[in-house]
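Scope of the values below: all heavy atoms of this structure, side chains included, with no hydrogens, waters or symmetry mates. Numbers restart at 1 for each chain; the letters A, B, ... are given by sequence-line order, proteins then strands.
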2 protein chains.
Amino acid sequence: MAEQSADAVLERAAALCARRGVRLTAQRRRVLEILCASARPLGAYDILDAMREGPRGLAPPTVYRALDFLLEQGLVHKIESLHAFVGCHHPEHPHASQFLICDTCGTVTEIENEGITRSLGSAASASGFRPARPVVEVIGICSGCAKSDPDASPRTTGGRT
Amino acid sequence: MAEQSADAVLERAAALCARRGVRLTAQRRRVLEILCASARPLGAYDILDAMREGPRGLAPPTVYRALDFLLEQGLVHKIESLHAFVGCHHPEHPHASQFLICDTCGTVTEIENEGITRSLGSAASASGFRPARPVVEVIGICSGCAKSDPDASPRTTGGRT
DNA sequence: GGTGATGACGCTACAATATAACCTAATTGA
DNA sequence: TCAATTAGGTTATATTGTAGCGTCATCACC
Ligand SMILES: [Zn+2]
Ligand SMILES: [Zn+2]
Ligand SMILES: [Zn+2]
Ligand SMILES: [Zn+2]
């Protein structure tokens, strides 16, 4: 799911940033690349390690600043329940991000379910609540893992590609 | 919302634990009390501070162990997006916890919306995904804050009662 | 009542995640 | 070119969460 469109996503991200008049600098692009190349969400320190494989030694703030930018631009999402980040594969239009997170293989699937969005909206407005940032993350077992191993043990965050 | 039933919740929690044959020890009860007495979610270290106001000096593992127990028993919930915890006010029956989190005053409202639960379930099963732990947290502005201050600044976690 | 097994907790140290603060370098717009 | 703005390097530190180990309380059973 990540693999097929990593380059295309990068290209579209560049176009988006140009259109918005914001700068997709080398560092930011690098972080986005690393995230899009991974099948699983990566922690900030996983990204940091991946970047250190290149030339110089970097520090946490560099990665966090890049992530802040990418989050603002909607190019990546944060998975709150994992303290980790994923690249967004359809950042052109804003969307309520909803995730299915496999506890076994660690893959994260971003979905956009109109029913969930609607239910959330009506539940919120019923309380007079004005929603800003919905966090919908369903932890469970993906179909592949459910088949192969009826009960398996959890995984950790990292592991590039 | 927290205030009205704090004692009642404690009593019911004790009954629940007795019925289940698990021990609601003094420490665990204390943590639950502190959480239920707070109108806002508390971080583990907020709880730790609150407990230190009493007799001896405690360490983080004490609080985290109590929280683990209370989470297992469904007596408290973790708010992933805040790294904080709230007491549950209807722990008798298991439920998918859904939260409305006000970014301004910090209050958290636990709701149980059947529509959201259903949408999540059908979205998951459409992908062959077997859900285990849904995380639904809507960050936004509560009705009270929206009225009094059309755009206000975020808040931090803590602050007992 | 002893007695061994289990569970709860005190305690130290440490891991993992995230940010503050300050300064330099690059980019932009005039 | 030059001031203003933005991005990034660097160090230190804050915040959140665990590992590991020894001790004490509780419980089941004799
Ligand atoms: Zn997305
Ligand atoms: Zn899986
Ligand atoms: Zn609840
Ligand atoms: Zn509010």
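For B:Leu71, the side chain to side chain contact (heavy atoms under 4.5 Å, CB included) partners at least two apart in sequence or on another chain are B:Val76, B:Lys78, B:Phe85. Applying the side chain to side chain contact (heavy atoms under 4.5 Å, CB included) test to A:Glu112 and every residue at least two apart in sequence or in another chain returns A:His90, A:His93, A:His95. Annotation: side chain to side chain contact (heavy atoms under 4.5 Å, CB included) contacts of A:Tyr64 (sequence neighbours excluded): A:Ala44, A:Tyr45, A:Pro60. Applying the side chain to side chain donor-acceptor pair (under 3.5 Å) rule to B:Arg133 yields the partners B:Glu80; only residues at least two apart in sequence or on another chain are considered. Scored by the side chain to side chain contact (heavy atoms under 4.5 Å, CB included) test, B:Glu33 finds B:Leu10, B:Arg29, B:Arg30 as partners (sequence neighbours excluded).
Atom-to-atom, CG of A:Leu42 to C1' of C:dT17 comes out at 15 Å; the value is rounded to the nearest Å. Between the CG atom of B:Leu67 and the C1' atom of D:dT18 there is a distance of 14 Å, given to the nearest Å. Rounded to an integer number of Å, the gap from CZ of B:Arg28 to P of D:dT26 is 12 Å. Here C:dC11 presents its C1' atom at 11 Å from CG of B:Leu58, a figure rounded to the nearest Å. Rounding to whole angstrom units, CD of residue B:Glu72 and C1' of C:dA8 are separated by 13 Å. For the pair B:Leu24 CG and C:dG7 P, the interatomic distance rounds to 17 Å; values are reported in whole Å. Rounded to whole Å, atom P of D:dT16 lies 7 Å from atom CG of B:Asp46. Taking atom CG of residue A:Leu48 and atom P of nucleotide D:dG8, one finds them 14 Å apart after rounding to whole Å.
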Polar atom pairs between nucleotides 18-24 of chain C and protein, under 3.5 Å, N or O only, would you list them?
from, atom 1, to, atom 2, distance (Å)
C:dA18, OP1, A:Lys78, NZ, 2.7
C:dA18, OP2, A:Tyr64, OH, 3.0
C:dA18, O5', A:Tyr64, OH, 3.4
C:dA18, N7, A:Tyr45, OH, 2.7
C:dA18, N6, A:Tyr45, OH, 3.4

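Residue pairs meeting the salt bridge (Lys or Arg N to Asp or Glu O under 4.0 Å) criterion with at least one member in residues 93-102 of chain A, sequence neighbours excluded, do not occur.
With 3.5 Å as the limit, one finds a donor-acceptor pair spanning the side chains of B:Glu137 and B:Ser81.
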For residues 12-23 of chain A, please give each side-chain donor-acceptor pair under 3.5 Å, one per line with the distance, not counting sequence neighbours.
from, atom 1, to, atom 2, distance (Å)
A:Arg12, NE, A:Glu92, OE2, 3.4
A:Arg12, NH1, A:Glu92, OE2, 2.6
A:Arg12, NH2, A:His89, O, 3.4
A:Arg20, NH1, A:Gln73, O, 2.9
A:Arg20, NH1, A:Gln73, OE1, 2.9

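Considering only side-chain N and O atoms, B:Arg23 lies nowhere under 4.0 angstrom from the phosphate OP1 or OP2 of D:dC27. Residue A:Thr62 places at least one side-chain N or O under 4.0 Å from the OP1 or OP2 atom of D:dG9.
The side chain of B:Gln27 approaches C:dG10 more closely than any other nucleotide in the set C:dG10, D:dA7, C:dT12.
Side-chain contact between B:Leu75 and B:Cys88: absent, with no pair of heavy atoms (C-beta onward) separated by less than 4.5 Å.
Computed from C1' positions of five pairs at each end, the angle between the two local axes of the helix from C:dG1-D:dC30 to C:dA30-D:dT1 equals 30°, rounded to 10 degrees.
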